[in-house]
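Quick notes on the structure that follows.
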Amino acid sequence: MKNYLKQFPNREGYFGEYGGAFLPPQLEPHFKAIGEAYDQISGDASYINELRYIRKHYQGRPTPVSHARNLSAKIGGANIYLKREDLNHSGAHKLNHCMAEALLAKHMGKKKLIAETGAGQHGVALATAAAYFGLECEIHMGEVDIAKEHPNVVRMKILGATVVPVTFGARTLKEAVDSAFESYLSQGEEAIYAIGSVVGPHPFPKMVRDFQRIIGEEAREQFVEMTGELPDHAVACVGGGSNAMGLFSGFIEDEGVALHGVEPMGRGEELGQHAATMTFGKPGEIHGFRCIVLEDEEGNPAPVHSIASGLDYPGVGPEHSYLHDIGRVSYGSATDEETLKAFWALSRYEGIIPALESSHAVAFAMKLAKDRPGQTILVNLSGRGDKDIDYVADNFGHGDDLEL
């Protein structure tokens with residue numbers, strides 16, 4: 001895997017057979033312009049220095065790595081460490097690429113940011129970036145997720161964003177992407193579609209990965225400083241997969257570090273009860289790019305479910321699809337029940353309330369740790385759970401019967 005990050009994707013945006021850009025003719029020039037602008041600014045010292053300034057003096061980077069000492073002792077086995085992206089300004093890793101995308105939009109002379117959101121973390125981060133740079137912001141969000149993630153909806157509106165409720169289909173993340181793309185069709189001249197993960201047509205899977213690489217770069221250096229060696233395992237949840245690619249990028253060339261992506265198994269293995277794309281999907285096309293996709297009997301993107309709104313997507317990043325095929329990353333899963341147990345466990349034993357998305361990674365790490373004494377597991381705690389507490393408490397109680 002030497003020089004992996006420089007080799008992939010290729011110039012056409014492919015990771016092996018996955019990626020590319022399959023766009024309506026009216027969007028092709030806009031995505032081409034975004035790609036050309038990114039190629040220009042990615043090596044521009046002034047852009048890089050401004051982004052570094054923002055990350056240090058506005059976002060609060062670097063975020064720390066914390067040893068989950070109490071949780072590790074309670075479980076037994078491996079020691080669990082957390083990369084604390086929940087402490088990033090706005091509460092999740094999403095601001096890493098949103099500030100960079102907004103800065104790119106300013107460079108291109110755009111006046112507006114358009115995006116989809118599931119759990120609302122990308123929406124909040126983009127609204128934050130829009131406020132910082134003085135841009136308009138339009139966020140499309142499914143009605144189901146608006147109800148589940150009400151605190152984030154309020155935050156987006158306070159920050160000045162227009163929140164567009166999506167009322168068709170399953171009214172979750174896939175439909176929010178459809179709606180945002182439709183809106184962007186008529187606004188391409190003045191707006192940029194700021195995709196919220198390592199998905200979508202080229203150049204976004206590459207751009208978002210590059211912007212999220214800061215997670216893995218920091219974590220690698222911090223972990224070695226803390227322990228004197230690299231972790232045995234690095235774990236992150238995967239919906240589209242941006243936080244995971246951010247963490248994995250720091251270790252992808254280290255063959256001794258096992259990489260684990262964690263998908264939502266939801267309520268079970270029946271189609272429509274989960275969003276475990278890698279486990280049950282097959283190569284296909286969705287939202288203008290090729291990846292592994294969950295499909296129904298007619299070959300359309302299947303209905304999906306996850307307790308975590310940010311993970312209920314029937315596709316996945318093309319880079320994850322490639323890393324799955326070549327075996328560099330192992331993709332496992334956590335059920336809704338396991339995720340809730342991890343949510344309560346981290347809250348009770350470490351005083352950290354995690355996002356439900358991140359709780360999937362914590363749940364997997366808890367299972368992984370039990371039979372691996374002497375090993376270390378680094379989890380990307382991609383976001384905090386402020387947005388989820390009302391939903392969890394109203395529907396599942398307060399974890400008073402928690403048993404590990």
Side-chain angles (χ1 to χ4, degrees), residues 61-88 92-93 212-238 243-263 308 328-335 337-385 399 402-404:
R61 302 204 70 90
T63 59
V65 167
S66 300
H67 181 198
R69 194 182 314 274
N70 298 331
L71 182 64
S72 299
K74 193 75 177 177
I75 295 169
N79 276 293
I80 298 173
Y81 293 79
L82 310 170
K83 176 58 173 166
R84 299 291 306 281
E85 289 301 291
D86 60 311
L87 298 179
N88 194 32
H93 71 290
Q212 290 293 345
R213 279 174 60 181
I214 188 68
I215 298 172
E217 290 169 356
E218 287 179 3
R220 192 179 196 281
E221 181 178 345
Q222 291 165 324
F223 198 89
V224 171
E225 182 180 352
M226 288 181 74
T227 69
E229 57 189 9
L230 294 173
D232 295 298
H233 306 270
V235 179
C237 65
V238 175
N243 91 89
M245 281 315 310
L247 181 67
F248 295 166
S249 293
F251 303 97
I252 200 158
E253 296 182 9
D254 299 302
E255 294 183 2
V257 180
L259 306 179
H260 306 269
V262 187
E263 296 188 303
R328 179 60 186 98
V329 179
S330 299
Y331 291 88
S333 63
T335 65
E337 183 178 356
E338 292 169 334
T339 297
L340 281 167
K341 181 178 286 189
F343 174 90
W344 284 316
L346 199 64
S347 300
R348 293 293 174 86
Y349 299 129
E350 295 294 340
I352 299 170
I353 302 175
L356 286 172
E357 290 76 17
S358 315
S359 299
H360 282 75
V362 176
F364 185 87
M366 288 166 61
K367 293 186 290 184
L368 191 66
K370 287 184 177 180
D371 59 355
R372 288 173 170 80
Q375 295 190 14
T376 53
I377 302 171
L378 175 61
V379 176
N380 192 12
L381 196 68
S382 55
R384 64 176 179 245
L402 174 67
E403 291 184 12
L404 293 185

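Because only heavy atoms are used, hydrogens play no part in the values below, and waters and symmetry mates are left out as well, while side chains stay in.
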Tell me if a side-chain donor or acceptor on [X] pairs with a main-chain N or O of [Y] at a distance below 3.5 Å.
{"X": "Lys341", "Y": "Glu403", "value": "yes"}
{"X": "Asn70", "Y": "Tyr349", "value": "yes"}
{"X": "Ser66", "Y": "Leu82", "value": "no"}
{"X": "Ser382", "Y": "His93", "value": "no"}
{"X": "Arg372", "Y": "Ala78", "value": "no"}

Distance, nearest 0.5 Å, that separates [atom1] of [X] from [atom2] of [Y]:
{"X": "Ser72", "Y": "Glu350", "atom1": "OG", "atom2": "CD", "value": "7.0 Å"}
{"X": "Leu247", "Y": "Ile214", "atom1": "CG", "atom2": "CD1", "value": "12.5 Å"}
{"X": "Asn79", "Y": "Thr376", "atom1": "CG", "atom2": "OG1", "value": "7.5 Å"}
{"X": "Tyr81", "Y": "Met226", "atom1": "OH", "atom2": "CE", "value": "5.5 Å"}
{"X": "Arg84", "Y": "Ile352", "atom1": "CZ", "atom2": "CD1", "value": "3.5 Å"}
{"X": "Glu357", "Y": "Thr339", "atom1": "CD", "atom2": "OG1", "value": "9.5 Å"}

If you look at every heavy atom in [X] and [Y], which pair is closest and at what distance?
{"X": "Ala234", "Y": "Phe248", "result": "O-CE2, 3.8 Å"}
{"X": "Ala363", "Y": "Glu338", "result": "CB-O, 3.6 Å"}
{"X": "Thr63", "Y": "Gln222", "result": "O-NE2, 2.7 Å"}
{"X": "Cys237", "Y": "Ser358", "result": "SG-N, 4.2 Å"}
{"X": "Leu356", "Y": "His360", "result": "O-ND1, 2.9 Å"}
{"X": "Asn88", "Y": "Ala92", "result": "ND2-O, 2.9 Å"}

Query raised in the report: Stepwise, does the side chain to side chain contact (heavy atoms under 4.5 Å, CB included) test hold for Lys370 with Ile75?
Result: CA-CA 6 Å; Lys370 287 184 177 180; Ile75 295 169; 3.5 Å; yes

Report task. Show the numbers, then the answer: is there a side chain to side chain contact (heavy atoms under 4.5 Å, CB included) between Leu230 and Val224? Result -> CA-CA 6 Å; Leu230 294 173; Val224 171; 3.7 Å; yes

Query raised in the report: Does CD belonging to Glu253 count more than 12 external heavy atoms closer than 6.0 Å?
Result: yes

Query raised in the report: For Ile353, does the CD1 atom sit with more than 12 other heavy atoms under 6.0 Å from it, leaving out its own atoms?
Result: no

Query raised in the report: Would Leu381 and Leu346 satisfy side chain to side chain contact (heavy atoms under 4.5 Å, CB included), going step by step from the backbone distance to the final call?
Result: CA-CA 11 Å; Leu381 196 68; Leu346 199 64; 3.8 Å; yes

Query raised in the report: Should Arg61 and Glu85 count as an ion pair when the cut-off is N to O under 4.0 Å?
Result: yes

Requested in this report: Walk me through it: do His233 and Gln375 pass the test side chain to side chain donor-acceptor pair (under 3.5 Å)?
Outcome: CA-CA 8 Å; His233 306 270; Gln375 295 190 14; 2.6 Å; yes

Requested in this report: Output, in order, the C-alpha distance, side-chain angles, deciding distance and verdict of side chain to side chain contact (heavy atoms under 4.5 Å, CB included) for His260 and Ile377.
Outcome: CA-CA 10 Å; His260 306 269; Ile377 302 171; over 6 Å; no

